[in-house]
Structure formats: C-alpha cells, structure tokens
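All remarks here apply to the structure that follows.
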Amino acid sequence: MPFNRSHYCGLYIHIPFCEHKCEYCDFFSVTDNHHRQTFVSLLLQEMELTLQSTHIDGLFDTIYLGGGTPSLLTEHEVDILLQFILKHFRMDTNTEITMEINPGSLTDKKLASFRRLGVNRLNVGVQSFVNNELKVLGRIHDADKAFRSVEAVRNRSFDNIGLDLIYGVPGQTQESWQYSLSEAIRLQPEHISAYNLTIENGTPFYDRMLKGEIKPSGQRMETLFFKQTVDTLKQASYKPYEISNYARAPKFYSRHNQKYWYHIPYLGFGPSAHSFWNEKRWANKSSMSDYVFDIENGQRPLAFTESIDDETKEFEYIFLGLRTYDGINLQKFEETFGRAFKSKYGDLVDSLLLNQLADMDQSFFRLTQKGMMISDEITPKFL
Amino acid sequence: MYLDYIRNFSIIAHIDHGKSTLADRFLERTHTVSARELKDQVLDSMDLERERGITIKSHAIRMLYDAQDKHQYVFNLIDTPGHVDFSYEVSRSLAACEGVLLVVDAAQGVEAQTLSNLYLALENDLQIIPVINKIDLPSAQTESVKHQLVELIGCHEDEIFLTSAKAGTGIDEIMEAIIKYIPPPQGDPNAKLQVLIFDSVFDTYRGAISFIRIFNGTLRKGEPIYFFNTKKEFEADEIGILKLKKEPVQELRAGEVGYLISGAKDVSDTKVGDTVTHARKGAEKPLPGYVDVKPMVFSGIFPINSEDFEDLRDALEKLTLNDSALSYVPETSQALGFGFRCGFLGLLHMEIVQERLEREYDLSIINTVPNVIYHVYLTTGEMVKIDNPTQLPPPGQIERIEEPYITAQVLSPPEYIGGIMKLSQEKRADFKSTTYLDPSRVDMQFDFPLAEVIFDFYDKLKSSTRGYASLDYEFNEYRPSQLVKLDILINGEPLDALSTIVHQDKAYEMGQKLCRHLKEVIPRQMFEVAIQAAIGNKIISRQTVKPLRKNVTAKCYGGDITRKRKLLEKQKEGKKRMKQVGKIDIPQEAFLAVLSMEKED
C-alpha cells in the first residue's frame with residue numbers, strides 16, 4: 001500500500017462528548033453527560049441494528065474514533081467497542097485505528113491503555129501553539145500543554161501521530177502562523193492537517209462575527225496563509241496530498257480520510273455520523289435525545305438516506321478528486337463512468353489548463369495550487 | 001330621441017391627480033358599484049397597472065344617472081392610458097367621446113401629460129369641462145391653478161368646477177355639468193354601420209374583445225362584419241354593454257358604447273383605431289384617424305437558459321395577442337445565443353413587457369440595451385434601417401447615418417429652466433422655445449434625438465427639477481448625426497449584446513463609464529477578466545476584474561460529502577442567474593449597464 005490507500009471499507013465512530021464546546025466547532029457535540037454512561041452500549045445496539053438491516057460483507061481496514069472528544073472514553077469502553085467491532089465486522093489484520101485526542105483531557109495512563117487495546121494512530125487537536133489564538137478558539141488547553149501532550153504521545157510508543165492546526169484565526173498574523181507551523185514541525189508528527197478556519201452558521205463564532213466582535217481574516221490573508229503553509233511544510237519534507245493534509249511520507253497518509261475522497265465505502269455510527277455504502281449515503285440524526293429514542297425503540301437513528309445516481313457520483317468523484325494532489329485518475333474515471341474525462345469536459349479542461357489552474361499528464365488531471373485555492377469556484381463548473 | 005340621453009366622456013388627468021378616485025365617486029353615485037364592492041381604482045385591472053399607478057389599457061364603463069331633470073341618462077366613461085408611450089390609444093379613446101373632464105390637481109397644477117392629452121381632446125373637437133381636484137389639500141393653490149386653466153383653455157373662472165373626489169364634494173355638480181355641457185352623440189342608427197374600435201384586449205377563452213363606439217348604423221348580434229384596415233370578416237358573435245361585468249345585448253345603436261366579440265383570435269385582427277362595418281351593405285369609408293402604430297424602441301430579449309427559448313417564444317406570442325404594438329423577430333447573438341429582437345412603443349412599454357415575461361411567464365430573461373431605428377445611407381446610395389447595433393455595416397460602407405428626432409415639451413416651474421437646459425444640452429437637444437403659461441409654469445420645447453431620451457432622460461429630468469417637471473413628446477423627423485458603434489470586448493472577444501450606437505463626441509466618455517461600470521457588476525472569477533471598449537479597431541478604455549484569489553472549503557466534514565456537494569450545487573444554481581459568455585459568468589445587470597450606469601451619475 002504505497003499511499004496507504006486501499007479499497008477496503010472504513011468504520012467511523014462518533015463520540016459526541018466534550019468538556020467544553022469550542023467557539024468555531026461545527027461538529028455535533030454535547031457537554032452534558034446525560035447519556036455518557038450508556039453511550040457505548042447504544043453504539044453497539046446501533047451497529048447491531050445496522051448489521052441486521054444491511055448486508056455488510058466487506059472487509060474493513062480502518063476504524064476512526066472521532067468526535068467530540070473520543071479520548072474521553074474510558075479504557076474499558078474502548079475495549080468493549082473494539083472487541084465488538086472485531087467480532088461483528090470482518091477486519092483486516094493490518095487495520096488503521098485512529099483516535100482523535102484533545103491535549104486538554106488526556107492522561108499518560110489512558111494513552112498507554114489505548115495503545116495496548118490496538119489504537120495505532122492518534123490525531124491530536126492542537127490547533128495552534130499561540131496562547132491568544134487558543135483562547136480565541138475557545139480551546140481548553142494552552143500551547144505548553146499542547147506541546148507536552150504530543151511529546152507524551154510519542155513517549156507512549158505511538159509511531160503514527162497526526163496534528164491538527166487551524167489558520168485564519170481572528171487576530172492571527174503570518175508570524176504567529178509561522179510559529180505554530182515550526183513548533184509543529186519541531187515535534188515531527190507523521191501527519192499534519194492545516195485547516196483554514198471556516199466560520200459556520202450556528203457556531204458562537206458566527207454570532208460574534210455578525211455582531212462584529214471578530215473579523216474573518218479575508219481572502220488576501222487566507223491566500224497568504226495557504227501558500228505559507230504549503231511552502232513551510234514542503235520545506236520541512238512534508239508532502240501535501242489533499243487541500244488541507246500533509247504527511248512525512250505517503251505511508252503516513254490518512255488511510256481512513258482517503259476513503260472519503262476516493263469513493264470507498266464507509267459506515268458511520270453515533271449521532272451525526274455519515275455513511276457511504278452501496279451507492280447510498282445516509283446520516284444519523286444530530287441530536288442525542290433523538291438518537292437514544294430511536295435506538296431504544298429498535299430503529300436506526302437515520303436523518304436521511306439518499307441514493308447516489310451516476311451523475312451525482314461522477315460529480316462527487318470529480319470534486320473530491322480535485323481536492324487531492326493526485327487529482328483524477330483518468331483511466332479509473334473512464335472505467336467507472338464509461339467516458340473519457342477529457343472528451344466529456346474538454347472545453348473546461350482546456351481553459352483550466354490554459355490559465356494554469358490545472359495540470360494534466362497521461363494518467364492524471366489535477367488542480368495546481370492556484371486552482372486548488374479556488375476549487376469551490378472551479379468544481380461547480382463540472383456540474 | 002334616445003341619443004339625447006347618452007353622454008360619452010373621458011377624464012384627462014396626470015398620474016395621481018385623482019382620475020380614478022373621481023371615477024369611483026361616479027360609480028358610487030350611479031349605484032353602478034356599491035361602496036363595499038368598490039375596490040380602489042376599479043378601472044385598472046392589471047396588477048402591474050395598479051402597482052405603477054398608471055393605466056396601460058383603457059377600458060370603459062356604463063352608468064345610469066338619474067339627473068335633476070328627472071330623466072335617466074346613460075353615461076359612458078371611457079378610460080384612457082396615462083403614459084406618453086400609449087398616446088395613440090389615448091387619441092382613439094378620446095375619439096369615442098364627445099367631451100372630457102380635464103382634471104388638475106390643486107397642489108400640482110397643469111403637467112405636460114395633461115397638456116398633450118388636452119391637445120388631443122381639442123383636436124377631436126371635444127367639449128372640455130375643467131375640474132380642479134384635491135381642493136381640500138393644505139398645499140392646494142386653487143387660485144393659481146384656476147389661472148393656469150383660464151390661460152390654457154380660455155374658459156372663465158366660474159366655469160371651473162372644484163372638487164375633492166376623495167371627500168366626495170362637488171361630485172353632483174360635475175355630473176350635472178356633464179349633461180349640460182357635453183353634447184349628446186350624433187349619428188343615425190339607420191345609416192350604414194361605422195364602429196370605432198378604441199381598445200382591444202385578449203381573453204383566453206373568448207379571443208379578442210374589442211371595446212367599441214358606434215358612430216352610425218346599428219350592430220346586431222350575429223351579423224357578419226368587416227374590419228376595414230385588417231380587411232378581415234368575422235361575425236358579431238356577442239355584443240354588449242360594459243358594466244362592472246360584460247352584459248350581452250341584442251343590438252348597439254349609433255352613439256352607444258359597448259364591446260364586440262367576433263371570433264377574431266388575437267388583437268392584431270382587431271386593431272385599435274380600426275373601423276368595423278357590415279360585411280354586406282357596409283359603409284364605403286372607414287372613420288378617419290386610423291394609424292398603424294409602429295414600435296419606436298428596440299431591444300433584444302434573450303432567455304438566460306437557452307433551453308427556455310421556446311417558452312420565451314410562446315410567452316411573446318401570448319403577449320402580442322393582447323398587445324398589437326409589441327413586435328418580435330428571432331435574433332441570434334454570439335454572446336447570448338437565441339433570442340428575439342423586440343419593438344416597443346417606448347421605454348415604459350419595454351419595462352412592462354419585461355416584467356410581464358418574468359412575472360406572468362416565470363422566465364429569466366436578459367434585456368439588452370434599448371435603441372432606436374437608424375437610417376443608414378450606404379455609399380451605394382441604398383438606405384437600410386438598423387434596429388440592432390450589431391447589424392451596423394462597417395464604417396467604410398456608410399455614407400451617413402440618420403437618427404430619429406422627437407419634439408419634446410417640458411413643463412416646469414421657471415426656477416428649473418437652468419437645470420433643464422443643462423440636461424438637454426447633455427442629451428444633444430436643440431432648444432426651440434420657451435413660453436410662460438403663467439408666472440409659475442413655463443413650457444419649453446426641444447428637438448431631441450430619441451436615442452437620448454430613451455436612456456433615463458425622464459428620471460434625470462425628474463431629479464433635476466425635484467419632480468416638478470413633466471415631459472411629453474412625439475416623433476418629429478430623421479436627421480443626420482455623427483454616430484459611431486461602440487463595442488465592448490470581454491477578454492478580447494466582442495460581446496455583441498453590449499454594442500451601442502452613440503454620438504461620436506460622447507463615445508469616449510461612454511466607453512470609459514461602461515468599462516468602469518462593468519467592472520463593478522462582473523464578479524471575480526477563475527481568471528482575470530479584461531473589459532475593453534472599442535470603436536472599430538481602436539481600444540478606447542480598459543478595466544480589469546482581478547481573478548478570484550481564494551474560494552475553497554477547508555474540510556470535508558467527517559465523511560459528510562452530501563453537505564459539501566449540496567453547497568457546490570447551490571453555487572451552480574446561483575450562477576444560473578448569470579449568463580455564461582465564453583468562460584465568463586456575466587450577471588444580468590451587466591447587459592443593461594448602459595442604462596444603470598447613467599442612473600448612477
């Protein structure tokens with residue numbers, strides 16, 4: 001697996017609990033512990049319901065524990081969860097098991113036990129090494145704690161660590177972003193995700209933006225941040241492989257996340273989790289009480305199901321593929337959709353190439369860095 | 001004799017001077033409509049008309065009035081459109097009357113529109129009853145307005161009626177005056193049939209419905225009839241009188257007003273101003289005054305989505321059923337694809353058509369910059385009529401270009417003379433004369449190139465005179481002008497739909513303004529967009545829309561591809577309201593840039 005990419009299926013588990021909700025966070029999470037004790041058992045029931053109603057015969061080779069804050073789970077809970085999965089799903093022997101962890105709520109002891117139970121990849125939500133920025137974001141840790149927690153992870157013999165960073169934070173400067181990047185590089189994680197802050201409707205950030213309390217950094221700054229990120233990380237031998245993702249080597253690419261981008265089936269469990277299976281997408285309800293209610297009544301907690309027709313699938317394939325640095329595999333495209341990419345989108349492809357927004361060789365069509373930066377402008381044109 | 005108890009009249013008034021309110025009072029007093037039934041402005045039936053406060057199509061209504069002399073009279077109130085674009089229809093409505101009420105707002109005084117309609121009434125030899133309305137307004141200047149009226153029509157002050165239509169005062173006096181001063185219709189019910197069509201509307205179920213005035217003879221239900229100008233024969237399937245609803249009758253005699261449904265499918269068969277007679281033993285001659293109205297202003301109408309072309313054709317076809325002044329022929333634009341070149345009576349007419357296409361037919365359309373018909377004399381001696389700038393022959397083949405001039409009349413308080421003169425010079429007007437109607441009102445006459453007036457002249461006139469000036473105009477003649485074609489190039493490609501014909505002296509400034517304005521309305525896109533203005537091969541102005549720098553979603557949320565996809569689809573949907581020209585998305589408003597840009601200054 002040269003790019004740590006396979007056609008095997010992925011499993012996502014959403015653990016929605018947080019000690020504190022971050023100001024910018026748009027994921028489904030809860031801070032009350034009302035269903036905390038029974039949650040894992042609810043998860044198991046949900047998996048059972050799914051296994052009863054859907055024929056699941058694929059081989060899985062990733063488990064991703066996301067959230068929320070999955071590191072809030074106890075050793076025992078993780079044990080039960082992974083045992084259940086091993087028993088009920090066909091798992092590859094070499095399965096990537098990722099857990100997102102929060103530097104603010106982590107103990108050495110827990111880390112060691114997670115490792116022992118089989119978690120072999122950690123994604124640490126650092127976001128920034130600048131205290132002011134962490135405060136603006138509403139994180140519960142400071143820069144020092146973030147730094148020490150990554151060291152601690154390393155000491156607990158995790159050899160595949162990812163680090164999440166955010167740029168475009170209100171008040172951030174190129175200097176402060178450079179500092180966060182270099183601190184990250186100093187820790188030598190295998191993987192770095194650097195996301196541009198998106199101020200989503202419904203988050204406290206959004207309300208504060210409407211009130212004028214915080215200001216988005218704007219197109220000009222965001223462009224500079226993006227270029228700075230690519231340049232700095234490349235310099236430090238990190239390889240960009242998706243708009244926001246970098247790894248020290250292809251073998252450290254996130255196997256699980258690549259499933260999202262390459263149309264590989266995945267199942268999601270837990271409130272708000274999404275699935276893609278058999279040309280269908282569905283999502284669970286984003287409400288703890290609805291989730292509990294449905295499962296206790298023997299129903300799957302579905303918010304929606306949609307069938308992906310060929311046209312939609314093709315568009316997804318294109319806009320997801322163009323997020324990656326590989327781009328669209330022309331041969332695979334033709335095999336899947338029965339028509340050569342170039343012949344179908346010739347005019348658009350030509351004008352993108354002409355304007356250096358895209359590159360093409362024998363095997364791949366991909367966006368250039370310039371194109372990637374405006375990919376939301378480009379991709380709808382393939383509709 | 002029955003004719004003695006008929007009065008056919010119309011009300012002439014400027015917009016908002018109270019025509020509709022006065023009409024409403026008549027309807028109430030004659031119990032034609034109860035107060036409860038009386039919606040505001042019963043006579044205006046189209047939504048658009050009501051919103052704009054103008055009457056586009058004229059209608060008529062019949063009332064029975066029990067007069068003080070103990071006789072019952074038939075009053076036919078014939079409504080007239082209130083905009084200069086529709087002056088021909090006004091003239092035909094007036095031709096159906098023997099008299100008019102000239103209604104002037106006590107606070108506003110006489111306006112150009114009132115004046116021009118008054119002249120039409122005088123031409124038709126109609127009896128004029130002067131009425132000052134809104135005398136109870138605090139700002140009323142009744143005495144001064146009386147002077148204006150005395151000047152204008154040569155009446156005596158004591159012949160002027162004072163009313164507040166809103167409060168209902170002075171109404172009975174006016175109704176008695178209608179009997180006393182407006183003559184009954186003339187005509188012989190036994191003579192050969194002569195029927196004037198003063199309006200025609202299209203009804204989905206009945207086809208064309210004509211509103212008619214019988215001048216001579218008697219029209220009976222079922223009789224074969226002949227239309228003089230369209231030379232068509234139909235049968236009088238249904239004839240009737242116009243109350244709030246249509247009421248069929250067996251016959252209509254000379255002097256009467258009513259409607260006719262003849263099996264004619266659309267209004268191009270039943271043209272306003274045409275004369276109807278019997279198909280056998282009909283009148284030898286039509287009534288005088290028929291004019292085949294010709295569009296004065298032309299513009300391209302294109303569907304934003306090319307697949308809507310057929311729908312647009314259907315919609316235009318339906319509109320012309322009801323609007324014989326609207327013309328359309330297919331047109332192809334390199335930039336906008338397939339559409340239609342449409343002809344309108346004027347700008348208002350154009351806007352109304354545009355709005356109806358969007359509202360009633362739910363079409364998204366692009367309306368290109370309006371222009372007039374140019375007479376282009378070629379070096380070969382031939383003359384071609386150009387209603388589309390893209391069709392202008394190359395300069396080398398042109399000997400001269402002539403453009404239509406109008407005679408315009410502007411009425412305004414004298415303090416705005418300076419502003420009006422300045423504006424008129426900008427618009428290349430030839431000043432003719434100034435006449436004081438009274439110390440507070442001056443009548444200015446100009447010759448204008450029509451092309452200048454169709455660009456926002458009216459709006460500018462209003463703003464430079466704080467709304468006090470009013471305008472009326474009529475076609476005068478074609479005159480030679482130094483005209484050039486101004487092209488707009490987007491990334492080097494001419495955008496034909498934005499070409500305009502402008503006066504040479506204004507081309508440079510126009511090009512610059514246009515480029516600046518387009519830069520404002522064209523959003524940033526994937527690549528740089530160069531906007532250039534050119535005359536022939538010479539680039540006279542350039543602006544650049546810088547490429548979009550950043551538009552990318554950082555994260556595909558935890559496998560939530562659906563949401564991301566829907567966002568992109570929505571973005572595409574938003575783009576649909578723009579027209580793709582080459583690879584550039586150009587918003588609708590860009591195609592009317594010339595118009596909106598002028599409004600900005």
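What's counted below: heavy atoms across the whole structure, side chains too, no hydrogens, waters or symmetry copies. A note on names: the letters A, B, ... follow the listed sequences, proteins ahead of strands, and every chain is numbered from 1.
No part of A:Asn257 comes within reach of chain B, as not one of its non-hydrogen atoms sits under 4.5 angstrom from that chain. A:Leu357 touches chain B through its side chain: at least one heavy atom from C-beta onward sits under 4.5 Å away, while N, CA, C and O do not. With a 4.5 Å cut-off on non-hydrogen atoms, B:Glu528 does not touch chain A at all. Interface remark: A:Glu306 contributes side-chain atoms only to the contact with chain B (heavy atom separation under 4.5 Å). Only the side chain of A:Leu352 comes within contact range of chain B, with at least one heavy atom under 4.5 Å from a heavy atom of that chain. Residue contact with chain B, scored on non-hydrogen atoms closer than 4.5 Å, involves the side chain of A:Phe304 exclusively. When heavy atoms are compared at a cutoff of 4.5 Å, A:Thr379 approaches chain B solely by way of its side chain, counted from C-beta outward. With a threshold of 4.5 angstrom between heavy atoms, A:Leu197 does not approach chain B through any atom at all. Using a 4.5 Å cut-off between heavy atoms, A:Ile243 touches chain B through its side chain atoms alone. Interface residue A:Glu316: only side-chain heavy atoms are found under 4.5 Å from chain B. A:Phe276 does not touch chain B: none of its heavy atoms, backbone or side chain, sits under 4.5 Å away.
Between the side chains of A:Asp326 and A:Thr324, not a single donor N or O lies within less than 3.5 Å of an accepting N or O. Counting only N and O atoms by type, the side chains of A:Tyr195 and A:Gln127 include no donor and acceptor under 3.5 Å apart. Of the N and O atoms on the side chains of B:Asp496 and B:Ser499, not one donor lies less than 3.5 Å from an acceptor on the other residue.
Contact check on B:Glu310 versus B:Arg313 returns a salt bridge, with a Lys/Arg side-chain nitrogen under 4.0 Å from an Asp/Glu carboxylate oxygen. We find that A:Glu242 and A:Arg5 are not joined by a salt bridge, their nearest charged nitrogen and carboxylate oxygen being 4.0 Å or further apart. Salt bridge status for B:Asp585 with A:Lys381: present, with a side-chain N to carboxylate O gap under 4.0 Å.
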* Under the side-chain contact (heavy atoms from CB on, under 4.5 Å) rule, what do B:Arg549 and A:Phe226 come out as? Steps first, then yes or no, please. => CA-CA 11 Å; B:Arg549 264 203 262 234; A:Phe226 180 75; over 6 Å; no
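In terms of heavy-atom pairs under 4.5 Å with chain B, the best-connected choice from A:Ile166, A:Thr223, A:Leu348 is A:Thr223. Most heavy-atom pairs under 4.5 Å with chain A, from the set B:Met526, B:Glu569, B:Lys570: that is B:Met526.
Summarising the geometry, atom CD belonging to A:Gln172 is positioned 4.0 Å from atom CD belonging to A:Glu133; distances are rounded to the nearest 0.5 Å.
Within the 4.5 Å cutoff, the side chain of B:Gln571 has heavy atoms near those of the A:Glu377 side chain.
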